[in-house]
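Quick notes on the structure that follows.
Values in this document were obtained by computation on a predicted structure and should not be read as measured data.
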Amino acid sequence: MTLGSTGDGWARCDAGHRHWGLGGAAGLLLWAQGSVLLQLRAAWSHEGGTWGLPGGARGLDEDAVGAALRETREETGLTVARAAATGRLVVDHGGWSYTTVLARVDCASPVVADRESAALEWAPVGQVAERELHPGLAEAWPLLETAAGRRLRLVVDAANVVGSRPDGWWRDRRAAAARLRSQLVGLAVPGPALPPVLGLPALDSWAPETLLVVEGAARGLADEPPRPGLTVVAAPASGDDEVARAAVPAPGDAVLVVTSDRELRRRCADLGASVVGAGWLRELLDARADPDR
């Protein structure tokens, strides 16, 4: 962290309670193979002797995801890619907030405890509640337990979404698809915006694994360098067939297909995916571009 950017220090929320982190704090709920990484807090630390998550104060120039990943690296030795993040839960105390960043990795790697940890353990999700948890984690755990290890996969029918707005896309279809790709990078989907039929817990936001299916003149986008959290899939023939192939849910995933094509919507629903129209995504992207609208 650069000099002057540290958020270390005590802050008071609007209720007058003291919290660590001048700019708030963040922690990482890391899931692997049905277990989550827990930290037994050192006796000298706040709420020492309880089990919590790797985490700490956010740097004053740092977002919650970056802070959670950095603190985890410092406290456990694990380097977790930003693309592994699956969602965020924010507890706002008024003037101070704590963000739990959820992430998913393939294997429970060995960890090395630093001075802030009495122990680090990978604990089966179903056994976490049996431990003496940090009060903040204990309060949030019923919701976090249902979200741990789950991921939202967003499958976007590029041709249909691009064609949903008469902005001159037909003059350069590849450029129009490239603009849509840029808008999708780093997209966070607010929990309340998700269709209830997906069955995902009510996190503040979900970080989707996004598949942008392109066809025709836009196929060349799949050959360009990848963007974090976003995969461009070039349909070798029918774009609809490629969208349908991507719509089949994998274990732990909830799949949301974005298309307004009536027949494709039916096909994807029959495969077990949830479906929304292009307008849903357009509204989300417009709100992201202009948060005050």
Side-chain angles (χ1 to χ4, degrees), residues 81-86 104 150-190 193-195 197-198 200 205-290:
R82 194 178 183 95
T86 57
R104 188 175 81 180
R150 303 202 64 189
R151 178 140 222 171
L152 170 63
R153 177 150 41 106
L154 193 65
V155 181
V156 180
D157 179 359
N160 187 269
V161 173
V162 165
S164 67
R165 182 172 289 176
D167 55 4
W169 57 265
W170 50 87
R171 289 190 288 269
D172 191 336
R173 296 168 188 257
R174 175 172 175 149
R179 287 194 296 273
L180 175 59
R181 177 188 58 185
S182 297
Q183 292 175 305
L184 290 170
V185 174
L187 179 67
V189 182
L194 290 173
V197 70
L198 274 173
L200 288 174
S205 64
W206 286 85
E209 175 189 20
T210 302
L211 276 67
L212 179 65
V213 179
V214 296
E215 57 184 307
R219 286 194 184 100
L221 294 179
D223 299 324
E224 295 184 3
R227 273 62 171 177
L230 174 65
T231 301
V232 178
V233 180
S238 164
D240 287 5
D241 289 345
E242 197 64 38
V243 169
R245 274 191 286 271
V248 180
D253 285 347
V255 178
L256 184 61
V257 175
V258 182
T259 184
S260 295
D261 182 280
R262 182 176 300 177
E263 175 58 22
L264 182 56
R265 289 168 66 95
R266 183 196 62 75
R267 287 177 64 185
C268 292
D270 288 345
L271 291 168
S274 298
V275 188
V276 290
W280 175 89
L281 181 60
R282 284 293 191 186
E283 184 174 345
L284 200 64
L285 296 177
D286 289 346
R288 184 187 187 196
D290 182 9

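Taking the charged nitrogens against the carboxylate oxygens, Asp286 and Arg165 do have a contact shorter than 4.0 Å, which makes a salt bridge. For Asp270 and Arg266, the salt-bridge test passes: some basic side-chain N is under 4.0 Å from an acidic carboxylate O.
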- [ ] Carefully, step by step, assess Val185 and Gln183 under the rule side-chain contact (heavy atoms from CB on, under 4.5 Å).
- [x] CA-CA 6 Å; Val185 174; Gln183 292 175 305; over 6 Å; no
Task: Criterion salt bridge (Lys or Arg N to Asp or Glu O under 4.0 Å) on Asp261 and Arg267, from CA distance to verdict - done: CA-CA 10 Å; Asp261 182 280; Arg267 287 177 64 185; over 6 Å; no
Open item on the list: With side-chain contact (heavy atoms from CB on, under 4.5 Å) as the criterion, how do Val233 and Val214 come out once you've worked through the C-alpha distance, each side chain's angles and the decisive distance to 0.1 Å?
Closed with: CA-CA 6 Å; Val233 180; Val214 296; over 6 Å; no
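Tested against Cys268, the residues Val155, Val255, Val243 include a single side chain to side chain contact (heavy atoms under 4.5 Å, CB included) partner, Val243. Results of the side chain to side chain contact (heavy atoms under 4.5 Å, CB included) test with Leu154 over Leu256, Leu230, Leu212 single out Leu256 as the only residue that passes.
Side-chain contact between Trp206 and Arg150 is present, with heavy atoms from C-beta onward closer than 4.5 Å. Taking 4.5 Å as the limit, some side-chain heavy atom of Leu194 sits within range of a side-chain heavy atom of Val189. Looking only at side-chain heavy atoms (C-beta outward), Val275 and Pro195 stay at 4.5 Å or farther from each other. Taking the side chain as every heavy atom from C-beta outward, Val156 and Leu211 never approach each other to under 4.5 Å.
Here the shortest heavy-atom pairing between Ala244 and Leu271 reads O-CD1, 3.2 Å. Shown here for Glu242 and Ala235, the closest heavy-atom pair between the two residues is CB-CB, 3.8 Å. The nearest pair of heavy atoms linking Ala247 to Val257 is CB-CG2, 3.8 Å. Between Ala159 and Glu215 the shortest heavy-atom distance is CB-OE2, 3.6 Å. Residue Ala177 comes nearest to Ala218 through the heavy atom pair CB-CB, 3.8 Å, listed as atom of the first residue, atom of the second, then distance. The shortest heavy-atom contact between Ala85 and Arg151 is O-NH2, 2.9 Å.
Panel note: side chain Trp280, backbone Ala193; a donor-acceptor pair is recorded below 3.5 Å. A donor-acceptor pair under 3.5 Å is formed between the side chain of Arg265 and the backbone N or O of Thr259. Judged by distance alone, the side chain of Ser260 and the main-chain N or O of Ala278 form a donor-acceptor pair under 3.5 Å. A donor-acceptor pair under 3.5 Å is absent between the side-chain atoms of Arg181 and the main chain of Ala158, judged by distance alone. Listed for the Asp240 side chain is no donor-acceptor partner under 3.5 Å among the backbone atoms of Leu264. Without hydrogens or angle criteria, Arg179 side chain to Arg174 main chain gives no donor-acceptor distance under 3.5 Å. At least one donor-acceptor pair closer than 3.5 Å links the side chain of Arg153 to the backbone N or O of Val248.
To the nearest 0.5 angstrom, Asp253 atom CG is 11.0 Å from Leu198 atom CG. With rounding to the nearest 0.5 Å, the separation of CD in Glu283 from CZ in Arg288 is 15.5 Å. Between the CG atom of Leu152 and the CG atom of Leu200 there is a distance of 6.0 Å, given to the nearest 0.5 Å. Taken from CG in Leu180 to CG in Leu221, the straight-line distance is 10.0 Å, to the nearest 0.5 Å.
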